Amino acid sequence: MIITRQKTFDEIEAMVDDHDYNKIALIGCGGCVAFYHQGGRKETVELAEKLKAGSRDVITGIANRQCYLCREEDVRDLNDADTLKKVSREIEGFDNLDGVEAVISLACGVGVQNLANLVEIPVIPAQNTMFMGKRRVRGDFDIEQCIGCGDCILGLTGGICPVTRCAKSLMNGPCGGVFKGNCEVSQSRVSKHPVPCAWILIYKKLKKLGRLDNMKKIRPARDFVKSANMRMLEVEQVG
Amino acid sequence: MADRLFSKFMESVKSREFTISGEIDPPKDVNREAVEEQVSCLKDHVVAANVTDNPIGDVIMNTFAPCVIMQEMGLEAIYQATCRDRNRIALQSDIIGAAAVGIKNVLALTGDHTRMGNHPQAKPVFDFDSVLLTQTIRKMVDEGKNWAGLELEHPPKLHVGVGLSPGLDPLEPEIIKLEKKIEAGAEFAQTQCVYDVRILERLKEETSHLEIPILPGLAPLRSIGMAKFMLKYVPGISIPDEMLKQLETSKDLKETTIDMTAELIRTVKEMGFAGVHIMPVGMDAQVGEMIKRSGVR
Ligand code: SF4
Ligand code: SF4
C-alpha cells in the first residue's frame, strides 16, 4: 500500500489562507490512506471540523479510490460543468461541487493528481506521500518495501528487497558499514532508530533456504532506464 | 594475464616481499603543503600510499590532485575510488584520466553513505558497487573495452584492489563478497583497521582458500578516547582489553602508540600476510619509527 502522513494542520491551513478560499470541499479516500488512518472518512471529517473553526464553508465527501476516480475516456468529451457533475457523483457525500473554490484531497499523490486532472478547481494535497509499504501494527514502523524499480529481483534475495531496503541499493552484498547487524545510516550518530542491514537479512534468509548460491553470483549493474523518471506503460487492457 | 605488472606496488606484492602501503588524508581546502608534508613523512618508508576519496562523505580535496602531487614527489599513489558520488560514467572517466597522468593503482570501494558526513542532504549515487567497479576497471584494462563495450584504443594500465572488513560479524557475507570481488578481478585487498590478533587469525582462516594478497589495515591508536570512539562508531572494530589498559595507564602516549603499532606490524608479518596497510591518522611523522621498531625490515 501507499504510506502517507497527513501534513500539519498549519501547513494545510496556510495553503487555504494564501488564496482566501472560503468554500472548500474535502475529499477523503477509501483506499490506502483510509487503511492507515490518514485520509479516510474519520480523518476527513476531523480535518473539516478544524477548518470550519475559521468560519469557512466546508463540505466533505469520500471517494472509493481517488486513483480510480472516473476514467479519462468517460469525461474526455464533456464540458467542465458536466465533468464536475460526473466526478461529484463518484464521491460519496455530495453530488455537486458547484461554487467550490478549492478542493483538499486527503488521498496520496496519485489520487491528488487524478482529481486535479479531472476538475478545473485548484486541488490542495493534505498528505505527504511517503512510500510503498506493508501493513504494520501500532507502535511498529512503516517500512518501505519496494521503490518500483521495474526489474524485480526478489526471487534471488529471499523475498527481501535490497534496492529498497539497503541504504545504497547495493546489488552484490553488504558494504563494510554493517554495524552490529544494522545499517551504517542507522548508527546512533546519525539516526534515532537502528535498522537492520538488508543484506544481512538477505544472507540469513538465503542461508535458511539453502540458497546462498544466489548471493554468490555477480549481479550486473542496474538498468536505470527501467526506473528513471517519466515512466509510462502502455495500457493493453482497460478493466 | 599472468605477468602484467604496471606498478611498483604490485611488483612488490607479487615478489612476495612484505609490502607496506601508507595512506594520506587530503586537506579540506587548498592546502597543498598538507599533502606534501604527509607524503614527505611516508615516502621513504612505504612502497605506495592511498589517497582517500572524501571519507564519510565530508567535502575535502579530491583524490586526483594529491595523487598527482604524491607521484611528482616520487611516491606511488593508490587512487581510492568510491561509488558514492559518481555514476558509471564519471567513474570510468576518472579512471581514464587517472591512468593518463600515470596513476597505476586503484582501490575500488563502495564508499560510506552520504548521510554519514557533513553534507547528509546530498544525493547518494551508488550506481555501481565495489564489485561492479572492480569488474569494469578490469574490463577496461584487460579487454580494452569500457562498461558499455566500446573499444578503447589506448586502454588504462593500472591495478585494482578492494577493501575488506575482517571484523564484521557474521563474517561469511563479507567473505562471499570478497570472492565476488576476486571473480571480478581484484588483485589485492587492504582491510579496515585491525587491532585484535583474533580477528587476524579468523581472517587468515576464512580466506585460506583464496589467492588474493591481503594487507591488513593498521591505524595507530593515539589515545583511549580514540579507542572508545572507534569501538562505538566504526564497524567491526575489536580492541583487546590489554591494549585499552596500556593506553589508559601510559606515561608517554606517543611511545606507547608507536610500540603497539610496531608490535601489530610484526604480528601481521609473522602471520604470513602479503603486507600491511598503515593509515597514520595524523602520526605520519612516526610511521618510519613504527616500521623500524617492528623489525620487519
Ligand atoms: S526489486 Fe524492484 S520491483 Fe522488486 S521489490 Fe525491489 S524495488 Fe520493488
Ligand atoms: S549497511 Fe547494509 S543496508 Fe546499509 S548500506 Fe551497507 S549493505 Fe546496505
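Proteins come first, then strands; the chains are lettered A, B, ... in the order of their sequence lines, and each starts at number 1. Predicted, not measured: the structure shown is a model, and the values here were computed from it.
Across all non-hydrogen atoms, the minimal contact from F179(A) to L231(B) is CZ-O, 4.0 Å. When all heavy atoms of V178(A) and P235(B) are compared, the closest pair comes out as O-CB, 3.3 Å. Heavy-atom minimum distance, L168(B) versus C175(A): CD1-O, 4.2 Å.
With a threshold of 4.5 angstrom between heavy atoms, I202(A) does not approach chain B through any atom at all. Residue P173(B) touches chain A through both its backbone and its side chain, counting heavy-atom pairs closer than 4.5 Å. Residue contact with chain A, scored on non-hydrogen atoms closer than 4.5 Å, involves the backbone of V234(B) exclusively. K217(A) touches chain B through its backbone: at least one of N, CA, C or O sits under 4.5 Å from a heavy atom, while the side chain does not. Looking at R84(B), there are no atoms closer than 4.5 Å to chain A (heavy atoms on both sides), in backbone or side chain.
Within 6.0 Å of NZ in K204(B) there are more than 12 heavy atoms belonging to other residues, nucleotides or ligands. In the displayed structure, D241(B) atom CG is contacted under 6.0 Å by at most 12 heavy atoms of other residues, nucleotides or ligands. Taking a 6.0 Å sphere around CE of M230(B), one finds it holds more than 12 heavy atoms contributed by other residues, nucleotides or ligands. More than 12 heavy-atom neighbours from other residues, nucleotides or ligands sit within 6.0 angstrom of CG on L154(A).
Most heavy-atom pairs under 4.5 Å with chain A, from the set Q192(B), E174(B), R88(B), E179(B): that is R88(B). Ranked by heavy-atom pairs under 4.5 Å with chain A, the list G167(B), G111(B), P124(B) is led by G111(B). Of the listed residues G173(A), G177(A), P174(A), the one with more heavy-atom pairs under 4.5 angstrom with chain B than any other is P174(A).
For the atom pair D129(B) CG and R219(A) CZ, the distance stands at 11.0 Å (nearest 0.5 Å). The structure places NE2 of H113(B) at 8.0 Å from SG of C166(A), a figure rounded to the nearest 0.5 Å. Distance NZ/K180(B) to CD1/I218(A): 7.0 Å, rounded to 0.5 Å. How far CD1 of I176(B) is from CG of N172(A): 11.5 Å, rounded to the nearest 0.5 Å. Once rounded to the nearest 0.5 Å, the distance linking CG of L170(A) with SG of C83(B) reads 8.5 Å.
Residues M215(A) and K177(B) are not in side-chain contact: their nearest non-hydrogen atoms beyond the backbone lie 4.5 Å or more apart. The shortest distance between side-chain heavy atoms of F128(B) and R222(A) does not fall below 4.5 Å.
Between E184(A) and R115(B) no salt bridge is recorded (no basic side-chain N to carboxylate O distance below 4.0 Å).
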Quick one, Y203(A) with E172(B), criterion side chain to side chain donor-acceptor pair (under 3.5 Å). Give me CA distance, side-chain angles, the key distance, then yes/no.
CA-CA 9 Å; Y203(A) 158 74; E172(B) 192 179 12; 2.5 Å; yes

